[in-house]
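When a residue number appears, it is its place in the shown sequence, counting from 1. Atoms within each ligand, like the ligands themselves, are counted from 1 in listed order.
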Amino acid sequence: MSGDLRERVLTRTKEATPEVIAIRRDLHAYPEVGFTELRTASKVARRLTDLGFQVRAGREVVKEEARLGVPTEAELAAHYDRARADGADPEFLELVRGGFTGVVGEITGARPGPTIAMRFDIDALPILEKASPDHVPVQEGFVSRYPGVMHSCGHDGHVAIGLGVAEVLAAMKDDLAGRIRLIFQPAEEGCRGAFAMMEAGVVEGVDYFFSIHLGLGAPSGSLYPVVDGYLASTKLDVTYGGQSAHAGVMPEAGRSALICAAQAALGLHAIPRHSAGPSRVNVGLLHAGSGRNIIADRAFMMVETRGSTADIDQFVLDRAMAILEGTALAHGCTVDIKVVGKTISGTSDPELADVLAQQAALVPGLNVSPTPMVTTGSEDATYFMRRVQEQGGMSVYMGLGSDLPSGHHTPAFDVQERDFADGIAAIVLTMLEVGNHPPKRSA
Ligand SMILES: [Zn+2]
Ligand SMILES: [Zn+2]
């Protein structure tokens, strides 16, 4: 790539940065959890359209029956009303209505070349944001306006970076080779949205695929071309049904869903480790019972399993199912188990990561890590990564460092907005470079 082109990318990125930060602050103030990102998705679709991207949104890019953990109709309807009142784009709001909050924008370069895709997740979390004056979003007036919902994983930054990439790419159209597809995905938290977009075909025909996460414990000014170690995971909602009775007068007539669930929780945490790699199990929530002198007739648990491979996760899951069902049998309770999220592990291709590393090193002040970042979280972009690799393409998951005042998924979480420009420049330079590479797919 010529030095002149590189300079233009850096200059254009700098020019786009104030708007990128404004977008991030707007999204931070109006956070939306998985499949309710109506305002967010409608605004993303509008912005991409205005920038000249060909945009698809809603049912066309989110397969209905492949979605997991979708909120109830009543919840979706309430979020629709709220989004409309809070400035959603009216045209695209109709398209993404009903839990179809995915958006895909595509731009075609002046010269032929491969198809390059990148995934940005857009959802927030059910967390009450810190309200004290030492929290930057409070100081700067963009703290969450929706109590109990917060962008505390940095996905507001991901959307802003994605739209920044779109803006710079649109300005570089004449220098682009191939096609670039930007995928804005709902419901990453809980691993619920990527599978439904993959099943709708959004990564079909992709030769090179990228995904990104901000923060992850890495400092501002650093970029990790590879994030490794994402665990395969399954998320379960478990409901036990028992029989209520007077705890003093006739305890023998009751069947306690609470005791059943409590015993299941302990049993789940006693599942053995696996010799082939790390595994996890967690009961993160347990609600049961209605009063002191009543045998509890209902219990609800949120459970997750993880493993460094899909096989290890399946091992933990099989044991978990046996424990959940066996405990129900032992206590004379009914059990209903719903899979509300699922993901696989993912591996980046070193050859593509090298291209990213070389281009990121051209961004002044950005330190490129020679070693992968290793995490034990989970991430459903792995479905896209795997699908692209199955087609003969290559995939990379990168980490963009950011100094965090508090960890991911906590009330005082925040990212440094100054890191966005580095990410945008590194991504655009990489996409321009990869455009000169041959298509990978055998098809
Ligand atoms: Zn998260
Ligand atoms: Zn995240």
Side-chain angles (χ1 to χ4, degrees), residues 24 27-28 31-37 40-41 44 68-69 101-102 118-130 137 144 146 148-163 182-195 197 210-218 220 223-224 226-235 280 282 284-285 302 304 306 340-346 348 373-385 396-417 419-420 423 427:
R24 183 261 167 160
L27 296 175
H28 193 89
E32 297 170 306
V33 296
F35 293 121
T36 72
E37 311 94 329
T40 307
V44 166
L68 290 172
T101 40
M118 184 150 181
R119 193 293 305 257
F120 304 90
D121 47 8
I122 70 173
D123 56 324
L125 284 153
I127 290 180
L128 181 64
E129 185 161 14
K130 187 180 184 185
S144 171
Y146 299 150
V149 185
M150 177 190 174
H151 269 294
S152 61
C153 201
H155 301 183
D156 49 344
H158 297 171
V159 179
I161 288 171
L163 292 176
L182 304 180
I183 300 166
F184 292 84
Q185 179 211 310
E188 186 281 326
E189 300 290 355
C191 301
R192 299 175 292 147
F195 185 71
M197 290 193 86
F210 296 92
S211 192
I212 187 171
H213 211 297
L214 271 165
L216 302 177
S220 282
L223 183 134
Y224 284 74
V226 171
V227 181
D228 233 349
Y230 278 118
L231 301 179
S233 181
T234 307
K235 321 290 184 187
R280 301 276 190 278
N282 189 51
L285 178 147
M302 288 185 171
E304 61 170 24
R306 299 184 200 237
V340 293
K342 196 162 183 64
T343 189
I344 54 176
S345 55
S348 292
M373 176 192 291
V374 179
T375 176
T376 51
S378 293
E379 170 47 273
D380 63 0
T382 51
Y383 279 120
F384 296 135
M385 294 173 74
V396 151
Y397 198 107
M398 71 185 86
L400 180 65
S402 199
D403 294 336
L404 308 176
S406 175
H408 290 265
H409 297 200
T410 63
F413 178 85
D414 192 20
V415 292
Q416 305 302 323
E417 292 166 336
D419 299 316
F420 298 171
I427 292 163

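Under the rule for a side-chain contact (heavy atoms from CB on, under 4.5 Å), the partners of Arg192 that lie at least two apart in sequence or sit in another chain are Phe35, Leu68, Ala187. Contacts of Ile127 classified as side-chain contact (heavy atoms from CB on, under 4.5 Å), with partners at least two apart in sequence or in another chain: Leu125, Met150, Ser152, His409, Pro411.
Taking a cut-off of 2.8 Å, the protein N, O or S atoms nearer than that to the Zn ion (ligand 2) are Cys153 SG, His155 NE2, His213 NE2.
For residues 401-410, the pairs satisfying salt bridge (Lys or Arg N to Asp or Glu O under 4.0 Å) are Asp403-Arg418, with sequence neighbours left out.
Defined by atom type and a distance below 3.5 Å, a donor-acceptor pair is missing between the side-chain atoms of Gln185 and Asp123. His28 and Glu129 share a side-chain donor-acceptor pair at under 3.5 Å.
Under 4.0 Å is where a charged nitrogen must lie from a carboxylate oxygen, and between Arg280 and Glu304 no such pair does.
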